[in-house]
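Comments concern the structure below.
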Protein chains: 2
Amino acid sequence: MSEKKKQIVEAAAKSFSLFGYKATTMDQVAKMANVGKGTIYTFFKSKEELLEDIVSSIISEIKYEANEAVDARLPFNENVQRVLQRIFTFRKENELTIKLLQEVRDIGTPAVRNVMKRLDREMIAFIREKIEEAMAKGEIRSCNAELTAFLMFKMYIALHVDWEKEHEPLSPQKIAELFDLYLLKGLSLR
Amino acid sequence: MSEKKKQIVEAAAKSFSLFGYKATTMDQVAKMANVGKGTIYTFFKSKEELLEDIVSSIISEIKYEANEAVDARLPFNENVQRVLQRIFTFRKENELTIKLLQEVRDIGTPAVRNVMKRLDREMIAFIREKIEEAMAKGEIRSCNAELTAFLMFKMYIALHVDWEKEHEPLSPQKIAELFDLYLLKGLSLR
DNA sequence: ATTTTGACTAAATGAACATTTTGGTCATTT
DNA sequence: AAATGACCAAAATGTTCATTTAGTCAAAAT
């Protein structure tokens, strides 16, 4: 990747996470990146594509970190929890992710909405892969992997995000315990 | 309840479910109810209170229907499914509920947002009661009833509403089966 | 020749102002 | 004592116009 492109992506990522997508102007990105505005358009065909590119990097980063959390020697239920834990910790701690989720909630910028929807879809696809691997290895009983991944993701959103809207937050331990009790019982072989 | 009040509530309910809360004017409600506008304000102190009153009736109606679906001779897992099934069928078929949920999604009218939030809370409280009864009877193992009711509700939303946004809808049978497999396994005594 | 640039344009945004609509009141009527 | 609708302040909506901004491209820099 060219030096200029790197500067642009870095500047845009910083500006998006500081001010949000809508409040970031291409002039500003150009200034921050020490680049003419036209240069940005030699690498990205639009502001939206620039955002998409940055979010793609984030998705890769999350997948990488989630994979790092996997320990092949541990059983499926431990690993799936580690993966989900990692995904949601990222969601809660990464500045850019926080800002973009905020923007969807408060303003509903369509471009940001779409890109965050894709992030969710990709996380579900990632979990689905883990489920399919576990099924192939006979670690869990056979099930609809897409549906199961979807439910796991939704349940984590419920416990991590929705519950806190009206109650005291749940500790990671409590979440793990609940997840194990409710969702993983149904997948266990016996 | 006085005849005039009945006319007002009926007219408002009809107008809300036809045009939504925001697009309904008090003049219109008065016209439809064959009543002077001032009369409305002898029964309700604001437009919002009128909506709240109507939604309270809906909540009572749902609770009544959900209770009707309960058969004391059946086991807890059957009954809780019947209750949830009834709640979500109502959500999907009642014109007013449909319109109000639409309005929250598309416009986000605060008054409607609040009232629908209350509806959700009351549904969760209702399920919670059923769980506490089952716990008292020793039908299910001990658990945090509020948290369990919350998760059941969220899971039904996920299966009934969210899943359909990107996939083919699930049949009621499939939903029941999934619910039983994942959520109720964790509550069974053995 | 190739890359980079910023002045330029068409479209979007939003500030400021005018106009209309609407929730709620209350003096009057029934 | 109950019901009403003309009335009002405030909120919503429409309009205008100056500013801002995403994206382009001819010219400059390398």
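Letters A, B, ... are given to chains in the order of the sequence lines, protein chains preceding strands, and every chain is numbered from 1.
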What is the ring orientation for B/Phe88 with B/Phe153, classed by angle as parallel under 30°, tilted 30 to 60°, or perpendicular over 60°? tilted
Side chain of B/Thr42 only, heavy atoms from C-beta on: which candidate in D/dT4, C/dT5, D/dG23 is closest? D/dT4
Does B/Thr39 make a side-chain N or O approach to OP1 or OP2 of D/dT4 shorter than 4.0 Å? yes
Should the ring pair A/Phe179 and A/Tyr156 be called parallel, tilted or perpendicular, given that the plane angle runs from 0 to 90° and is split at 30 and 60? perpendicular
Any idea which heavy atoms bring A/Ile124 and A/Phe150 closest together, and the distance? CG2-N, 3.9 Å
Do the charged groups of B/Arg128 and B/Glu132 touch, with an N to O distance under 4.0 Å? yes
NZ or CZ of A/Lys130 within 45° of A/Phe76 ring axis and under 6.0 Å: no
Please work out if A/Ser2 contacts a base, only the sugar-phosphate, or nothing of the nucleic acid, heavy-atom cut-off 4.0 Å. nothing
Just the rounded figure in Å: distance from C1' of C/dG14 to CD1 of A/Ile107. 14 Å
In whole angstroms, the gap separating C1' of D/dT24 from CZ of A/Phe43 amounts to 17 Å
Between CE of B/Met26 and C1' of D/dA12 the distance, given in whole Å, is 17 Å
Just how far, in rounded Å, is C1' of D/dA6 from NZ of B/Lys31? 13 Å
Nearest-nucleotide 5' precedence on DNA chain C, A/Ile40 against A/Lys22: A/Ile40
Identify, between B/Glu48 and A/Asp27, the residue whose nearest nucleotide on DNA chain C lies closer to the 5' end. A/Asp27
Between C/dT22, D/dT4, C/dC8, spot the one nearest the side chain of A/Lys37, thanks. C/dC8
Expressed as a whole number of angstroms, how long is the span from A/Ile8:CD1 to D/dG23:C1'? 14 Å
Between D/dT24, C/dG24, C/dT22, spot the one nearest the side chain of A/Tyr41, thanks. D/dT24
Atom NZ of A/Lys5 to atom C1' of C/dT3: distance rounded to whole Å? 16 Å
Rounded to whole angstrom units, what separation is found between the OH atom of B/Tyr21 and the P atom of C/dT22? 13 Å
On the side chain of B/Lys45, is there an atom forming a donor-acceptor pair with the base of C/dG24 - under 3.5 Å, no angle test? no
Nearest to the side chain of B/Lys4, heavy atoms from C-beta on, is which of C/dG24, D/dA22, D/dA3? D/dA3
B/Asn34 CG - D/dG5 P separation (whole Å): 10 Å
